[in-house]
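The model shown is predicted, which means the values in this text are computed figures rather than measured ones. Lettering of chains follows the sequences in order, A, B, ..., and the numbering in each one begins at 1.
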Number of protein chains: 2
Amino acid sequence: MKHITIKDVARKLKVSVSTVSRAFNDKYDIRAETKELILKTAKEMGYKPNPIARKLIQQRSLNIGILVPEFINSFFPEVIIGAQEILIEKGYQVLIMQSNESAEIELKNLETMLDNMVDGLIVSLCSENKNIERYKSIIESGTPIVFFNRVIEELPASKVVFDDYKWAFFATEHLIVQGHRDIVHFSGPKNLTLSKNRSQGFDAAHRKYKISEGKKITCGFSMEEGERVALELIEKNEIPTAIFAASDPSAIGAMKVFKEHGYRIPNDIAIVGFSESSLAEHIAPPLTSVSQPTGDIGQTAAKLLLDQIETTGLFIPQTIILNGRLNVRESSIKVD
Amino acid sequence: MKHITIKDVARKLKVSVSTVSRAFNDKYDIRAETKELILKTAKEMGYKPNPIARKLIQQRSLNIGILVPEFINSFFPEVIIGAQEILIEKGYQVLIMQSNESAEIELKNLETMLDNMVDGLIVSLCSENKNIERYKSIIESGTPIVFFNRVIEELPASKVVFDDYKWAFFATEHLIVQGHRDIVHFSGPKNLTLSKNRSQGFDAAHRKYKISEGKKITCGFSMEEGERVALELIEKNEIPTAIFAASDPSAIGAMKVFKEHGYRIPNDIAIVGFSESSLAEHIAPPLTSVSQPTGDIGQTAAKLLLDQIETTGLFIPQTIILNGRLNVRESSIKVD
DNA sequence: AACGTTTTCGGAAACGTTCTCGGGAATAAT
DNA sequence: ATTATTCCCGAGAACGTTTCCGAAAACGTT
């Protein structure tokens, strides 16, 4: 009552194992009729080639691994769906793992993927990125890999990123144009390129309008982090007139705390988020935020990866920068 | 420059392949010193047992597959994280796939998981569930599997579900107690047990208070579906005084449309959702919703699965019903 | 010294495939 | 009729492990 193997099929039809194999892999010489017969009876017998054995000998799996730091917020799921669209069409299956922002789990996940002989990887790093050396060795070994969103510059691999600098600039400019001169930036985790870029965009906007540099506070991406930092500001009584947060959840967390303490949004404090989450337009007041083309990010990452997989010989890593949009909503516009 | 295999290690140390294998699988007779030596030089050489080959011969992978219909909303991710906590601790790795509510993709995902020889499956069905026969055959073949949330009664497997009937009853009762007599239920996809249960809870509450049966409209779980049904009601000018939606996104979608058309929530229309999403408490007005113990669901599912994996011989499927909470917020309470 | 036991190891078969090689039969060409 | 060509197919090695079987070595017992 065990698995039906290629041998069973061969025996039943009194043909050789190789012939059965040929029937399942078109590329070999086999008479059309025999092929048909084999395929038919194989189906009847419930035979299906064992992919593990196939992987062992072919060294490919038609599986792609996607590694993300979290997927509570809709950002990563949306990216994944975008990537899946492309990959499934090409016959690949997508395996997803999440590290819950833990470098340790990230590493384990990574090894599991490699163990499963994925043909390629699409990864977004967790905020405490300690596995750079491992990634370097993977890249060196020739495993196709593309990074997105949470990226490290020094890794010589393809990347698809967002123009964080530019859109942080626009977001900040928007606040400045509204008349704000005392803006605090909730910046993301320090070791991410993305945090640095957003932070620099924030500064650049100040420079353009010749305003003294705004204050910056390091703040994680989560709602809790936003709440924490907002409370800190309230306790120190250093309330700015506007906040530019590096993520939507942290913006929303902050908004919640401020509202609870009697501040009115946007009249007392204007708030702008980043990385449009599905919440943005539904919370009160609706949150101004920079939206990223999540689907596109996934799709281009998938395409880059497929390119690399199909390229024999030297592959030259590319970095693709995608554009976004500033969705202006009530949280940043003074109303009377 | 290829992979380092067990043979390379054996050759270098002038021992047999089996001895090296023994060093990596404690259970066999091997002298402590030889083992140490082998492990040491293996590490130096960068050797790691190839899990594909191991799977082929051992027929197990220490991988668990989790199949969900979507993960844009935080519900499924939260469940997954709960399951992961338990599984990782036991040495299992978790592979996740999502079907985007498509039965076809669900089936493909399922086969991929099986292809990868997962030791067990945790699955929540997509709304158009057409793969029941396949699941039956999987269960029959003895593959450990547990279903959660989106469940089909007739499948003889372990399940962890929510007491949808009870909490739909409470949610409806809450609206009735607020004085509502004209409540519309946005029920979920018809073929899900969960929809039926919620719908019956809705009816039961009406019966208890001797109110004529409320109107029910089939509505998907997504925001778009909620918007669609709300528009329908507006066009037909059949505006109820309250809505009990089978999901938060559909409640939120409806709320959005009603607000855009000038209806005030909750004064003109009270709304209650289901399956607390992270949005609920942040939208305007905050949404009354039934919250499910997402983490618990994942954990119990994982535990049930591990039980089944470790049980040799006959396994008796269990169904575990978990409790929730009604979070009453402004969307359902008349204010003046 | 002869024999039994235990420890430690090597040989080789398995797991389920793919794929190269070579050969026989059928067909075409000379 | 002989040779060349094409078309099919079978044999068997390979992928990288685990694990059964048996044997050599070491040790203890009488």
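The pair E133(B)-K136(B) meets the salt-bridge criterion, since a charged nitrogen lies less than 4.0 angstrom from a carboxylate oxygen. Using a 4.0 Å cut-off between charged nitrogen and carboxylate oxygen, K40(B) and E44(B) count as a salt-bridge pair. The pair E111(A)-K48(B) counts as a salt bridge, with a side-chain nitrogen and a carboxylate oxygen less than 4.0 angstrom apart. Between R150(A) and E101(A) there is a salt bridge, since a side-chain N of the basic residue sits under 4.0 Å from a carboxylate O of the acidic one.
The neighbour count for E153(A) CD, taken as heavy atoms of other residues, nucleotides or ligands under 6.0 Å away, does not exceed 12.
Side chain of T143(A) to main chain of I139(A): no donor-acceptor pair is present (N/O by atom type, distance under 3.5 Å, no hydrogens or angles). A donor-acceptor pair under 3.5 Å is absent between the side-chain atoms of T19(B) and the main chain of V15(B), judged by distance alone.
One interatomic measurement links the two molecules: CD of E33(A) to C1' of dC7(D), which rounds to 12 Å at whole-angstrom precision. Atom pair D29(A):CG and dA26(C):C1' shows a separation of 15 Å (rounding to whole Å applied). Taking atom CD of Q58(A) as the reference point, atom C1' of dG16(C) lies 12 Å away to the nearest angstrom. Look at NZ on K55(B): it is 16 Å from P on dT17(C), rounded to the nearest Å. When the P atom of dT17(D) is taken as reference, atom NZ of K48(B) falls 11 Å away, rounded to whole Å. One can place CZ of R11(A) at 11 Å from P of dG16(C), the figure rounded to the nearest angstrom. Residue E36(A) contributes atom CD, which lies 16 Å from atom C1' of dC8(D) at whole-angstrom precision. Protein atom CD1 of I4(A) is 15 Å distant from nucleotide atom P of dC15(C), rounded to whole Å.
Contact annotation: S21(A) does not reach the phosphate of dC19(C) (side-chain N/O to OP1 or OP2, under 4.0 Å). Contact check, R31(B) against dT8(C): no side-chain N or O comes under 4.0 Å of OP1 or OP2.
For the helix from dA1(C)-dT30(D) to dT30(C)-dA1(D), the terminal axes (five pairs an end, C1' atoms, rotation from four pairs onto the next four) enclose an angle of 50°, given to 10 degrees.
Among D115(B), T112(B), N116(B), the single residue meeting the side-chain hydrogen bond (donor to acceptor under 3.5 Å, both in side chains) criterion with N63(A) is N116(B).
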* Footprint string (nucleotides 10-15 of chain D, 5' to 3'): B base within contact, S backbone only, - free, heavy atoms under 4.0 Å -> BBB-BB

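For the pair I30(B) and F24(A), nearest-nucleotide mapping onto DNA chain C gives the more 5' position to I30(B).
Between the side chains of T294(B) and E78(B), a donor-acceptor pair is found at a separation under 3.5 Å.
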